[in-house]
Amino acid sequence: MCGRYTLTNVAPNLLGPLFGVDDVPLLSPRFNVSPTQDVPIVRVLSPGAPRTIELARWGLVPSWAKDVSIGDRMINARVETAAEKPAYRSSFKSKRCLVVTDGFYEWKKLANGKKQPCRMHLPDEKPFAFAGLWARWKDAEGSTLDTFTILTAEARAAVADVHDRMPVILSPDAYGPWLDPDEHRLDLLQSIVDARSGDDLVVTPVSTRVNNPRNEGPENVRPLFAQDPA
DNA sequence: CCAGACGTTGTT
DNA sequence: GTCTGG
DNA sequence: CCAGACGTTGTT
DNA sequence: GTCTGG
C-alpha cells in the first residue's frame, strides 16, 4: 500500500516540465507526507484547460459524505476494484489526478518481528507520479474541500521484497489521457493503470525516525547503510 | 418502499 | 483492541 | 502508514 | 449519489 511518501525536490523549473504545468506554486520540501495533509496534485479541471498544481488533502472524501472523517480510511484505492467501488466510481470516471512525489515508504517486517522502513525512489531521485483520484466535498456552510486517494496494485520488482502492495506509478506518456476529464472509456483507463511503471525503483532502508509522522527533514531519506560505489 | 453502507491493509 | 491524528 | 490516545464530574 | 439488504 502507500501510507507515507516524500516530495523533497520542489524546484519549479524541474516540476513544471516534468508534469507539463506552466505555473508551479512555491512548495515546501516534504520528507514525511502523511494522510490528512495538504499536498500538491496535478489536475485538468475542465476539458482542454491547462494542467494545474494545487494542494489537496490526502484521504478522499466522497461528495456525498456527511463528515470529512471518512477520508481517513480512503487514503488508497485498489486498482483492481476502484472503477466499481461506490466511493471511488465517479472519481475514476472523471476526476483523475497525478500525485507528485519522489519516493514512498514501505515497512518491511523482519524475522524478529520488528519493522524496517524503506524508501522507494528512482535511481536519479527525479520526481514521478502516482495515479490518483480526487473528489470535491462541501461542508454544511458550503465551503469546498478537495481531497484525493492513491491507487495501489500488487508490488513488482524490488518493492515486492519489502511489501506486497505498492502505489500505481504512471509513465509520462500516460499523463495526458489519465488527466483528461472527458476520457470516460473505462477499458482504456484500466489499461493505463494496469500498464504501470516503476520497475526501476530502488529500495533504500532508512531510519525509524520516519515512523513518527511529526518527523520531517532530510535525515528521513538518508540511507541507513553506506552506499555501494557504482 | 426505506435504511444503511460506501475503504484498505494487516493480522488472526 | 480500536479509533483518531498526523 | 505509524503514533498515541482511550473518561467523567466537579472543583480550582 | 448510488447500490444493497430487508
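A quick note: this is a predicted structure, and the numbers were derived from the prediction, not measured. All values below were derived from every heavy atom in this structure, side-chain atoms included, with hydrogens, water molecules and symmetry-related copies excluded. A, B, ... follow the sequence lines: proteins, then strands. Residue 1 opens every chain.
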Salt bridge (charged side-chain N to carboxylate O under 4.0 Å, His left out) assessment of A/R165 paired with A/E80: CA-CA 12 Å; A/R165 304 285 298 176; A/E80 298 91 339; 2.8 Å; yes
In whole Å, I'd like the distance from the NZ atom of A/K109 to the C1' atom of B/dT12. 11 Å
Pair listing, ring-ring contact (aromatic ring centres under 6.0 Å, His included) test, anchored in residues 28-53 of chain A, at least two apart: none
Can A/L151 be reached from A/M1 by stepping across I, L, V, M, F, W or Y side chains whose heavy atoms are under 4.5 Å apart? no
Tell me, which pairs form a ring-ring contact (aromatic ring centres under 6.0 Å, His included) where one or both residues lie in residues 177-218 of chain A, sequence neighbours left out? A/F92-A/W178
Rounded to whole Å, NZ of A/K93 lies from C1' of E/dT2 at a distance of 13 Å
To the nearest 0.5 Å, atom CD1 of A/I53 lies from atom CD1 of A/I41 at 10.0 Å
Please output the side-chain donor-acceptor pairs of residues 200-207 of chain A that fall under 3.5 Å, not counting sequence neighbours, one pair per line with the distance.
| from | atom 1 | to | atom 2 | distance (Å) |
| --- | --- | --- | --- | --- |
| A/T204 | OG1 | A/H121 | NE2 | 2.7 |
| A/S207 | OG | A/R209 | N | 2.9 |

Output for pair (A/L133 CG, A/K85 NZ), nearest 0.5 Å, gives 14.0 Å
Nearest whole Å is fine: how far is B/dT9 P from A/K115 NZ? 14 Å
P-based separation of D/dG7 from B/dG4 [nearest Å]: 25 Å
Considering only the P atoms, how many Å lie between D/dC1 and B/dT12, rounded to the nearest integer? 14 Å
Here the distance between atom C1' of E/dT2 and atom CZ of A/F92, to the nearest Å, is 18 Å
Identify the two heavy atoms, one from A/Y88 and one from A/A77, that lie closest to each other, and give their separation to 0.1 Å. CE1-CB, 3.3 Å
Distance check needed: B/dT11 P versus A/W107 CH2, whole Å only. 13 Å
Please report, rounded to the nearest Å, how far the C1' atom of D/dA3 is from the CZ atom of A/R209. 15 Å
Output the residues of residues 27-45 of chain A in contact with DNA chain B, where contact means a heavy atom of the residue under 4.0 Å from an atom of the strand; sort by number or write none. none
Are A/R43 and A/W134 in a cation-pi contact, defined as NZ or CZ under 6.0 Å from the six-membered ring centre and within 45° of the axis? yes
Write down the distance separating the P atoms in D/dT8 and C/dG5, rounded off to the nearest Å. 15 Å
Rounded distance in Å - CZ (A/R4) to C1' (B/dT9): 14 Å
Among residues 138-159 of chain A, which ones have heavy-atom contacts with DNA chain D below 4.0 Å? none
Just by distance, no angles: are the side chains of A/N211 and A/W107 close enough, under 3.5 Å, to form a donor-acceptor pair? yes
Residues within residues 210-223 of chain A bordering DNA chain B, heavy-atom distance below 4.0 Å: none
Could you give the distance separating C/dG6 and B/dA3 at their C1' atoms, to the nearest angstrom? 34 Å
Would you sort out whether A/D102 and A/R119 count as a side chain to side chain contact (heavy atoms under 4.5 Å, CB included), showing the intermediate values? CA-CA 10 Å; A/D102 57 13; A/R119 179 167 174 263; 3.5 Å; yes
Tell me every residue that passes salt bridge (charged side-chain N to carboxylate O under 4.0 Å, His left out) with A/R30, counting only those two or more places apart in sequence or in another chain. A/E216
Can you check nucleotides 4-7 of chain B for protein contacts, nitrogen or oxygen pairs under 3.5 Å, and list what you find?
| from | atom 1 | to | atom 2 | distance (Å) |
| --- | --- | --- | --- | --- |
| B/dG7 | OP1 | A/P86 | N | 3.3 |
| B/dG7 | OP1 | A/A87 | N | 3.2 |

Does the distance from a Lys or Arg side-chain N to an Asp or Glu carboxylate O, for A/D187 and A/R185, drop under 4.0 Å? no
Atom CD1 of A/I75 and atom P of B/dT8 are separated, to the nearest Å, by 11 Å
Roughly how many Å apart are B/dT9 and D/dC2, using the C1' atom of each and rounding to a whole number? 13 Å
Using side-chain contact (heavy atoms from CB on, under 4.5 Å) as the criterion, list what pairs up with A/A153, not counting sequence neighbours. A/V79, A/V168, A/R196
For DNA chain D, the dot-bracket pattern of Watson-Crick and G-U pairs whose distances stay under 3.5 Å, | for other-strand partners: ||||||......
By salt bridge (charged side-chain N to carboxylate O under 4.0 Å, His left out), which residues pair with A/D199, not counting sequence neighbours? A/R156
Apply side chain to side chain contact (heavy atoms under 4.5 Å, CB included) to A/Y105 and A/Y5, showing your working. CA-CA 6 Å; A/Y105 298 109; A/Y5 68 90; 5.6 Å; no
Apart from A/L26 itself, what residues make up its hydrophobic cluster, given side-chain heavy atom links below 4.5 Å? none
